[in-house]
Amino acid sequence: MSEDEAIGSRETELLAARRTSMEKLERAGMPAFALTLERALGVAEQTPIAAVRAAHGELGLDDVTGTIVTLAGRVVLKRDIGKLKFLVVRDRSGDLQMVASSADLPEDQFTLLDEVDLGDIIGVTGRVGTTRKGELSVFADRWAMLTKALRPLPEKWHGLQDPDLQQRRRYLHLIADEAPRRAFLARSAVLKTMRRVLDDRGFVEFEGPMLQTVAGGANARPFTTHHHALDTPMKLRISLELYLKRMLVGGVERVYELGRNFRNEGIDRDHNPEFTMLEAYQAYGDYHSMMELSEVLLTECARAVNPIVGRDADDLRISVQGRTIDLTPPFARITILGSVSDAVGESVTLDHPGLPTLATHHGVHVERAWGPGKIVQELFEKLVEGTIEQPTFVCDFPREVSPLARPHRDDPGLTEHFDLVAAGIELVTAFSELTDPIEQRAKFELQQQMKEVLGDEVHPFDEDFLRALEHGMPPVGGLGMGIDRTLLLLTDAASLRDLIMFPSQRPE
RNA sequence: GGGCCCGUAGCUCAGCCCGGUUAGAGCAGGGGGCUUUUAACCCUCGUGUCGCAGGUUCGAAUCCUGCCGGGCCCA
């Protein structure tokens, strides 16, 4: 937006005042946008504010040391007493007060401080000490503008409250509030921890294609686009699975991908059109191996996130939505049929003749095309999933609803498929993977028939994936873990939008 | 898709129920003062699409309808 498009005279006036300050600085020979700290101030390195605090925690009142430091950061508060000015500077590690006295600074340097506004990024060199009230400060010998802010900061006490603006102008939210910074750091900690755990176990990180001609591996509407050079429609991936399995066919026995999936569906507190998933595959493992891996991944991520959100690193009893969730392994193991049986108060099996009636009785709308397995899954989601607080492996999903999992070793009507649920949130889905290409084709065909009957969009399935399976994939355990949902649990956030710095939004 | 709530200055919010001077405050900003402040303080300065459109009325930020944007809950 150019300045003449600014709406409202108040805003125009604020912007004009900052332009005027900028011009005054430059007329006085101080660039409003410095090249480097060294060029501006003659010092190459800033001292992190946390380091200044750590080194000078024991000073009493009115005690100025001989230690010279250089701070660089954003001015977040300014108190001007006339011949004495107090500015609070914020860097990545914390806040520290700068004291500027007309007695210590050259006159032109002191006068130019009038042109420093809240939000400007400055550099300061001076002695570390305390004021008469004991506030740790840097007593400035010289300072320089590093970057002039041409727009004002949000309200200094209440910050940026409008949830829409918090997301659209996340840069301001990050300045005004520590919550988004914690969310950002927690995500980084989770990603780093997952890579460490998997790398230590011999897994190799892989990057599969995001642009695909067939978007498979899940049931979701894809985003579509067009590749001009190939003159062909393309889709953004909805899952990582099918390309990781191709790598297994190719002989990579332990492989994982941490990456973005895209689903062209609704937005709410736990859905965003783009979201981050971990998928990991371990040859010669099965879903029991994946349970152990899930436990390690979740607890290690908790230890990494804990210090960021103010818990002791090893505290695995975390508070989520007012309840205490104990992440200490081993997690509980239940079966989906057992849990649904408990919820309805009678034994539920896949050959239970009254299943549709039972479901309707419990408020589940039953589609004609649904078989018993789908009804059981719906009953589970409606009656059980949200009530599971402590981390629990819900095991042995019906074959009908789990097209990529292998049949259960003890019951061919079920699959070796578990979901890990905690605080009512589904965190992990894992299988003993289906390796039989004939069975896999039959499953895909069944899924398509179901969609046709329901009138849903039918997409062709991935023939090359089936060809790869026909070349032979070793027995393999695989898991998919939602990173955003894991963060929702570990940071006790209210919504995914608090954890995704720039969530999908309507254009401004 | 259904229900409830919100939208007033750059930011944070009053005012709306029960219509009636010229729509207010704090922060930020302009001017002035102040050598120890801690959201500094004191004096002073306001050209706002009261989300948009329509309606009711002598009169609408305020009541009604529709729309747009956002939030929470449910599906």
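Residue numbers begin at 1 in each chain, while the letters A, B, ... track the order of the sequences.
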*Minimum-distance nucleotide (side-chain atoms of A:Glu13 versus B:A75, B:G29, B:G10)*: B:G29
*Can you tell me the distance, in whole Å, between the CG atom of A:Leu14 and the C1' atom of B:G48?*
13 Å
*Taking the nucleotide of RNA chain B with the closest heavy atom to each, which residue, A:Glu115 or A:Arg269, is nearer the 5' end?*
A:Glu115
*asked:* What's the closest nucleotide to the side chain of A:Leu77 if the choices are B:A40, B:U35, B:G29?
replied: B:A40
*Mind checking the C1' distance from B:G2 to B:G46? Whole angstroms is fine.*
44 Å
*asked:* Only pairs with both distances under 3.5 Å count, Watson-Crick or wobble alike; so what is the partner of B:A53 in this structure?
replied: B:U65
*Taking the side chain of A:Gln161 as its heavy atoms from C-beta onward, which of B:U35, B:A28, B:U12 lies nearest to it?*
B:U12
*Please determine, for the side chain of A:Asp117, which listed nucleotide (B:C11, B:U35, B:G29) has the closest atom?*
B:G29
*Between B:A75, B:C11, B:G71, which nucleotide gets closest to the side-chain atoms of A:Pro163?*
B:G71
*Do the rings of A:Phe397 and A:Phe380 sit parallel, tilted or perpendicular, given the 30° and 60° boundaries?*
perpendicular
*asked:* So, taking the atom named CE in A:Met98 and the one named CG in A:Leu77, what distance separates them when rounded to the nearest 0.5 Å?
replied: 13.5 Å
*Can a side chain N or O of A:Arg506 be found less than 4.0 Å away from OP1 or OP2 on B:G69?*
yes
_Could you tell me the Watson-Crick or G-U partner of B:C16, where both distances fall under 3.5 Å? Say none if there is no partner._
none
_Proximal nucleotide (of B:U12, B:C34, B:G10) relative to the A:Asp80 side chain_ = B:C34
*asked:* I need the CZ-C1' distance between A:Arg18 and B:G30, as an integer number of Å.
replied: 13 Å
*Using atom CZ of A:Phe139 as one end and atom C1' of B:U35 as the other, report the distance to the nearest whole Å.*
12 Å
*Looking at the side chain of A:Glu135, which of B:A39, B:U36, B:U38 is the nearest nucleotide?*
B:U38
_Just verifying a value: how many Å separate A:Glu378 CD and A:His365 NE2, rounded to the nearest 0.5 Å?_
10.0 Å
*State whether the side chain of A:Glu155 and the backbone N or O of A:Leu160 hold a donor-acceptor pair below 3.5 Å, judged by distance alone.*
no
_B:A60 versus B:G51 - spacing of their P atoms, nearest Å_ = 15 Å
_By the 4.0 Å heavy-atom rule, please label A:Leu153 as base, sugar-phosphate, or nothing._
nothing
*asked:* To the nearest 0.5 Å, what is the distance between CD on A:Gln377 and CD on A:Glu385?
replied: 9.0 Å
*How long is the line joining CH2 of A:Trp157 and P of B:U38, in whole Å?*
13 Å
*asked:* Assuming nearest nucleotide by heavy-atom distance, tell me which of A:Asp114 and A:Leu165 is located more 5' along RNA chain B.
replied: A:Leu165
*asked:* Rounding to an integer number of angstrom, what distance separates B:A25 and B:U8 when you compare their C1' atoms?
replied: 13 Å
*Determine the interatomic distance between P on B:G3 and the same-named atom on B:A39; round to the nearest Å.*
46 Å
*Answer yes or no: is there a side-chain heavy-atom contact under 4.5 Å between A:Arg90 and A:Leu96?*
no
*Give, for atom CG of A:Asp484 and atom CE of A:Met277, the distance between the pair rounded to the nearest 0.5 Å.*
9.5 Å
*Phosphate OP1/OP2 of B:G71 contacted by A:Arg497 side-chain N/O (<4.0 Å)*: yes
*Separation of A:Lys24 atom NZ from B:G30 atom P, in whole Å?*
8 Å
_Same-atom distance (C1') from B:G10 to B:C5, integer angstrom_ = 25 Å
*Think A:Lys156 has a side-chain N or O under 4.0 angstrom from the OP1 or OP2 of B:A40?*
yes
_Distance in angstrom units between A:Gln167 CD and B:G70 C1', rounded_ = 9 Å
*Heavy atoms under 4.0 Å, any strand shown: does A:Asp162 hit a base, just sugar-phosphate, or nothing?*
sugar-phosphate
*Can you list the steps and then say if A:Val89 with A:Val76 is a side chain to side chain contact (heavy atoms under 4.5 Å, CB included)?*
CA-CA 6 Å; A:Val89 175; A:Val76 293; over 6 Å; no
*B:G24 and B:A14, which share atom name C1', separated by this distance in whole Å*: 7 Å
*asked:* Between B:U12 and B:G71, how many Å separate the two P atoms, rounded to a whole number?
replied: 15 Å
*When rounded to the nearest Å, what value does the distance between C1' atoms of B:G33 and B:U21 take?*
35 Å
*Taking atom C1' of B:G10 as reference, at what distance in whole Å does atom OH of A:Tyr171 sit?*
13 Å
_Base-pairing assignment for B:G59 (Watson-Crick or G-U wobble, both under 3.5 Å)_ = none
*With respect to the side chain of A:Asp164, which nucleotide from B:G26, B:A28, B:G69 is positioned closest?*
B:G69
_A:Lys85 NZ to B:U38 P, straight-line distance once rounded to whole Å_ = 16 Å
